[in-house]
Amino acid sequence: MTDMLHPTMTQLNDFTKAPEPSVIKTLVEQAIAYKTNPFQDKQLGANKTLVLLFLNPSLRTRLSTQKAAINLGMSVIDINANEGWKLEFEDNIIMNSDKAEHIREAAQVISQYADFIGIRSFPSLTDQEKDYSDYVINKFKSFASVPVISLESAIRHPLQSLADLITIEEHKKNHRPKVVLTWAPHPKALPQAVPNSFAEWMNLSDTELVITHPKGYDLHPDFVGNAQVTYNQAEAFENADFIYAKNWSSFQDYGTIKSNDTNWMVSSEKMALTNEAYFMHCLPVRRNVIVSDAVIDSKQSLVIQQSENRVYAAQAVLAQLLSNK
Amino acid sequence: MTDMLHPTMTQLNDFTKAPEPSVIKTLVEQAIAYKTNPFQDKQLGANKTLVLLFLNPSLRTRLSTQKAAINLGMSVIDINANEGWKLEFEDNIIMNSDKAEHIREAAQVISQYADFIGIRSFPSLTDQEKDYSDYVINKFKSFASVPVISLESAIRHPLQSLADLITIEEHKKNHRPKVVLTWAPHPKALPQAVPNSFAEWMNLSDTELVITHPKGYDLHPDFVGNAQVTYNQAEAFENADFIYAKNWSSFQDYGTIKSNDTNWMVSSEKMALTNEAYFMHCLPVRRNVIVSDAVIDSKQSLVIQQSENRVYAAQAVLAQLLSNK
Amino acid sequence: MTDMLHPTMTQLNDFTKAPEPSVIKTLVEQAIAYKTNPFQDKQLGANKTLVLLFLNPSLRTRLSTQKAAINLGMSVIDINANEGWKLEFEDNIIMNSDKAEHIREAAQVISQYADFIGIRSFPSLTDQEKDYSDYVINKFKSFASVPVISLESAIRHPLQSLADLITIEEHKKNHRPKVVLTWAPHPKALPQAVPNSFAEWMNLSDTELVITHPKGYDLHPDFVGNAQVTYNQAEAFENADFIYAKNWSSFQDYGTIKSNDTNWMVSSEKMALTNEAYFMHCLPVRRNVIVSDAVIDSKQSLVIQQSENRVYAAQAVLAQLLSNK
């Protein structure tokens, strides 16, 4: 599995996972520069087209990525899966099912119309091995002839993590902040993409990462990396500078809900244990399930700033890709 | 209820209802100027983005508002509700239902990606008080940080009414034309948004407004204003200069169909009672239910001109908002 | 029926069927020129808007037509049928069904917002006479006030055929290549639009066209034209320079599947009968049903090149229409 998670990628020739720390640093700086002057590179994307392919619903990613491309003067075409037909991903198959087009053709064809392709595809949550090979986006990449950008794949959401890192950089009060990724309850079984990616990026950045969740919710060890893991949420929150809440379903007992313990909701009482920490969440968020109204509506909440930074994260990535062209 | 219908709004800081008469006059003049030269302000919208959010279907509004923005050099991103997820509008709620995101976050987030937001949302037709507080668009407005434009809300359709007024201005033969808003039958229970808004705008303009409908279809008195109301359609049509047909469901017996009396269809016989009146409808229209083929296909029909004026109405409004930025 | 298929059309005042041979020649040359320099006419489409209306799903056509318009500096607005409501096409009808708007209004209205309109509409496959009058697109055209471009109609797919012809021109090794259109099996009953159009265009070009299919799959004679028809696929493949595979349902026993004989799949063995022929298909294609993996993945396969040429075919057509404006 490790090999599938870590194929050789030393350059930002696509954007489907975390790049190297030096590239991350450059992206954060570039994003913050774009935030000050969004249109400074309006000519960079002239005559370039970004095609966004949504196999799953999207609000923030759809809008922020389009806005980022517009800021760079690119054209954008977005398409939802249901505007076409179902895709076949398996090889050596007699295509007699309801799937009308093979990913081999689809990826090559879309590459004819795009300078870059963004793709969103959620995991099955039933086939761990396939999901953790990041099957859909990697199949797509292997046939595409232009760089592919992840708009959230089965196991990663890199544009979100870059926006999160930018937000932390903007708000941190000390050089190496304590960042706590905490599991929180949710009525539905959700992917591990956001917590995986967040942990991956934090591990590549100058932060002290602590991950806390109930037993049975351990993330894949390659994403956990050097983070400290504890099942004691209160202990984790002590001295925290940032609380990053997110639900995910079990990795071990794959795709299942092991607990919906409402005690894990992020409340004012728990935030009081921290070092006046900021509250973060990638959104959409279930109020009074993941986090109390009081916390998300407080001055310490950064959720809207995170969403704003989605534009500049995407813009920094697109600018890098445009410069490499 | 009156307070909810008439919050203080002395400037065009958004466009969710009718502005003051002096502003209406300016908008009509500007729209007619744009009709002559649609691209005269092509630079005005440079680096500005309009996000259109459709919680309900749309054809004319979707296309005309996009065209208006394009004419002003703006970028447009449109999104349908079903491309994301269901929104929660209630406060102090444990979000354990099928609604994945609260309007508080959604409105703030979209505001990060837009200079202006257009939103379409139809009424429930079951909860009169909530609908008449214009709940959805006002909730959205209260959390948005950029101006909001109504693409038809529960109780108003201001861009339609502005286009209607422009059309009347272009075709009126006397200074104060007699304009008749007539109910007509329809197989489905429809909102009161279009007749409400039309009456509101006519009351703010130099027209003699007569409203005619069967008993049980009286509109909210705040929209009726100074208009004359009669249950006698033939009487209403006498000397009319403009016949504006529209179905709506009952306001009193809220959201119900009280009558589907086919005698209320607008026919050539009825048009003969008028002062060679023009026929108007906002479209889409049910032929031979609302209006006979003969009337809508006659030279007196202005329905296509109304739809054309939707572009210039939206363009005048967007230009005003851009100038205020 | 012949009259319906061949109304007077001596100029490219719209693009709903094949133009005259001299126009075809110009379009192919223009398309190849655009392929070398896609942005050479970036100013041609300034302040022009293309509205694309999809009554049926689309991937290649949707993306390639948008890209073509972008290359010419046009604005594009695309809309799916399900973003609006159902359209009524019948005249003299009391519109009390689930169809909310008549094509008469819809076509006129959209014409107010567009310089050109593209429309995709598949056949019923149940009413041969109606389908072969190309009912939907011709109804739309008869009420539209701007040029209409077919994005595939009930019986033709001209933008596909132009792209196919460009691909043949680019790859042909002799002046008059032997081009074989072969039926191939498919699990669903499909339209005849692609084979009809392909045969129509080949008949207007300098090719030797052979059509091969099982008994019961003869195409409409007006499309077959001067082509040789044989039920012997192996015989047809002999000395072929291009093999164009496509499934279609029966024209005679309208819309039915007469055979799903897997022996008609295009395999390496059959390709060995040809003059090292190229393999072509419009996509989406069912692998190992229409064509074997080995053939479509071979160097002789031109399917991706065909999809690339969809951009330049559309761009040549749009440029012609823009020049005629």
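Naming convention: chains lettered A, B, ... in sequence-line order (proteins, then strands); numbering from 1 in each chain. Keep in mind that this is a model prediction, so the values were computed, not measured.
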Before giving the answer on side-chain hydrogen bond (donor to acceptor under 3.5 Å, both in side chains), spell out for B:E269 and B:S267 the whole-Å C-alpha distance, their side-chain angles and the decisive distance to 0.1 Å. CA-CA 5 Å; B:E269 292 68 32; B:S267 63; 3.2 Å; yes
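- Only the side chain of B:L283 comes within contact range of chain C, with at least one heavy atom under 4.5 Å from a heavy atom of that chain.
- Nearest heavy-atom pair, C:T126 versus C:D131, reported as atom, atom and distance to 0.1 Å: N-OD2, 4.1 Å.
- Of the residues considered (B:K42, B:R287, B:R310), B:R287 shows the highest number of contacts with chain C, using heavy-atom pairs under 4.5 Å.
- In this structure, CZ on C:R286 lies 8.0 Å from CG on C:L190, to the nearest 0.5 angstrom.
- In plain terms, the two heavy atoms of B:A294 and B:S268 that are nearest each other are CB-OG, 3.5 Å.
- Between chain C and the residues B:V285, B:I304, B:I290, B:L59, the most heavy-atom pairs under 4.5 angstrom are made by B:I304.
- When heavy atoms are compared at a cutoff of 4.5 Å, B:K188 does not approach chain C at all.
- By number of non-hydrogen pairs under 4.5 angstrom with chain B, the leading residue of C:I93, C:N92, C:V51 is C:I93.
- Heavy atoms of C:L53 lying under 4.5 Å from chain B are absent altogether.
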Just do the side-chain hydrogen bond (donor to acceptor under 3.5 Å, both in side chains) check on B:Q305 and B:N309 with the steps written out, would you? CA-CA 6 Å; B:Q305 289 90 326; B:N309 284 333; over 6 Å; no
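- The nearest pair of heavy atoms linking B:I117 to B:F140 is CG2-CE2, 3.7 Å.
- Listed here is the closest heavy atom pair of B:S150 and B:S153: OG-N, 3.4 Å.
- Within residues 66-89 of chain C, the residues that have a heavy atom under 4.5 Å from a heavy atom of chain B are C:S75, C:I77, C:I79, C:E83, C:G84, C:W85, listed by number.
- Contacts of B:I296 with chain C are made by side-chain atoms alone, with heavy-atom separations under 4.5 Å and no backbone atom involved.
- Between B:W183 and B:Y217, the angle of the ring planes lies from 30° to 60°, which puts this pair in the tilted group.
- Contact of C:D91 with chain B is not made at all, since no heavy-atom distance falls under 4.5 Å.
- One finds no salt bridge joining C:K99 and C:E105 here, because no Lys/Arg side-chain nitrogen approaches an Asp/Glu carboxylate oxygen to under 4.0 Å.
- Cation-pi check for C:K130 over C:Y135 is met; the charged atom lies under 6.0 angstrom from the ring centroid and within 45 degrees of its normal.
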